[in-house]
Amino acid sequence: MNDRLLEKYTRLIIKTGVNLEKNQVLVINSPIESASFTRLLAETAYKEGARDVVINWRDELFSKIRYTHAPEDIFSEFPEWQKEFYLSYVRQGAAFVSISASDPELLKDVDPGRVAKAQKASSTALQEYRERLMSNKNTWCVVSIPTKSWAKKVFPALSEAEAVEQLWKLILKVVRVDTDDPVAAWDRHKQDLQQRLDFLNTHKFKTLHYRNALGTDLTIELPDNHLWLGGSEHTPAGREFVANMPTEEVFTLPKKTGINGKVVSSKPLNYNGNLIEDFSLTLKDGKIVDFQAAKGQEILKHLIKTDEGSCYLGEVALVPFDSPISNSKILFFNTLFDENASCHLAIGKAYPVCIQGGENLAKEELAGLGVNDSLVHEDFMIGTDDLEITGMTADGKKVPVFTKGNFAF
Ligand code: ZN
Ligand code: ZN
């Protein structure tokens, strides 16, 4: 990929993504395979005034070796120094960039119980870190660059080098780096999303009813004072940032105990190095009371059984079927992209910022308002070209929100 485009991409991540302040510290979570890009990102951050850049390298092939050979009991531990690493930087107000790029089936031969244990230990240890990011106390941004194993999964017919090249092209296109001025293109994109937000926030729907031919028939109650968000977010001090690049969604939270019916997935879900495919959830008063997956049933079970809150949902997001990533017709096997090509819901924790004043409320107060809490937050895709969503207002008026997979307004 040519240097000029890569440089543009790093500038977009630093300026529009985390919107780095002068003298702020930047932490980058990066796969070792993307080292050259990550170094370039660090250089751009320093040029834009970073006080320091700290890189947290991850090696997925070593992770696999560890999951395969380490003694079982190590997976319930999380090293104190690693916890300290995240907590000290998040408390001093650092910005966080995470590069999401992994082999979608990395851990398919590993005992899912080991992965679930490690996942739970790490989410428990890093609760305060996650809490701060999900309440927008720090600026953060998730982006991607291709890795070989991931690119081959997306383009199995191409050679490894061609697959990587093709995935680069696609990523740079959907994050608008192929435009003359990506920062300006993002400003326009944020304005477009704002129109959707205005409509949804004005109607203050009491419920949304979803239906499609796959078998989804689900009613979701939205809590009083819920807020639809999308495009950019703001820290309590008012600093604007974009948490996901790309992002095409507008989202809010459901009332924890207000979801009834059945929902069917429309794309595979990559969870912890495994794929869960063709699955459905049945919900009663918000709780997942039944679930079936054609592939990955065991993985889905571990996800849903993580804790009390992982049996409930925490996000309702709308993405039109006719939108840039969806129109590429490519399945990315990476949620950052697939969720932005499809309406989705999330299993687990809700974003406190999706309820008015939520970022300042204590855990118990949020729970009282119907905001779900959990160690997990996992988006799964449900959008199709025939999805119909009907909103009902507080006074019982029915308003079409989605028709034939796209916004009805
Ligand atoms: Zn989402
Ligand atoms: Zn989500």
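First listed ligand is number 1; within each ligand, the first listed atom is number 1. The shown structure was predicted, so the numbers you read here are calculated from the model rather than taken from an experiment.
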Asker: Cation-pi check for F409 against R196: NZ or CZ below 6.0 Å from the six-membered ring centre and within 45 degrees of the axis, yes or no?
Answerer: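 Cation-pi check for R196 and F409: passes.
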
Asker: With salt bridge (charged side-chain N to carboxylate O under 4.0 Å, His left out) as the test, pick out the partner of K349 among E315, E131, E308.
Answerer: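 Looking at E315, E131, E308, the match for K349 under the salt bridge (charged side-chain N to carboxylate O under 4.0 Å, His left out) is E131.
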
Asker: Run the ring-centre check on H377 versus Y351 and record whether the distance is less than 6.0 Å.
Answerer: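 Yes, they do, as the ring centres are separated by less than 6.0 Å.
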
Asker: Checking one value in my table: which N/O/S atom of E249 lies closest to the Zn ion (ligand 1)?
Answerer: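 E249's closest N, O or S atom to the Zn ion (ligand 1) is named OE1.
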
Asker: Less than 3.5 Å apart, any donor N or O on the side chain of D307 or S374 sitting next to an acceptor on the other?
Answerer: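 The criterion, which ignores hydrogens and geometry beyond distance, is satisfied for S374 and D307.
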
Asker: At a cut-off of 2.8 Å, list the protein N/O/S atoms near the Zn ion (ligand 2), residue plus atom name.
Answerer: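 Protein N, O or S atoms closer than 2.8 Å to the Zn ion (ligand 2): E315 OE1, H377 NE2, D379 OD1, D379 OD2.
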
Asker: Starting from the C-alpha separation in whole Å, work towards a yes-or-no answer on side chain to side chain donor-acceptor pair (under 3.5 Å) for D338 and H344.
Answerer: CA-CA 9 Å; D338 293 332; H344 56 272; over 6 Å; no

Asker: Determine whether the aromatic ring centres of Y89 and Y129 lie less than 6.0 Å apart.
Answerer: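 Centroid separation for Y89 and Y129: 6.0 Å or greater.
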
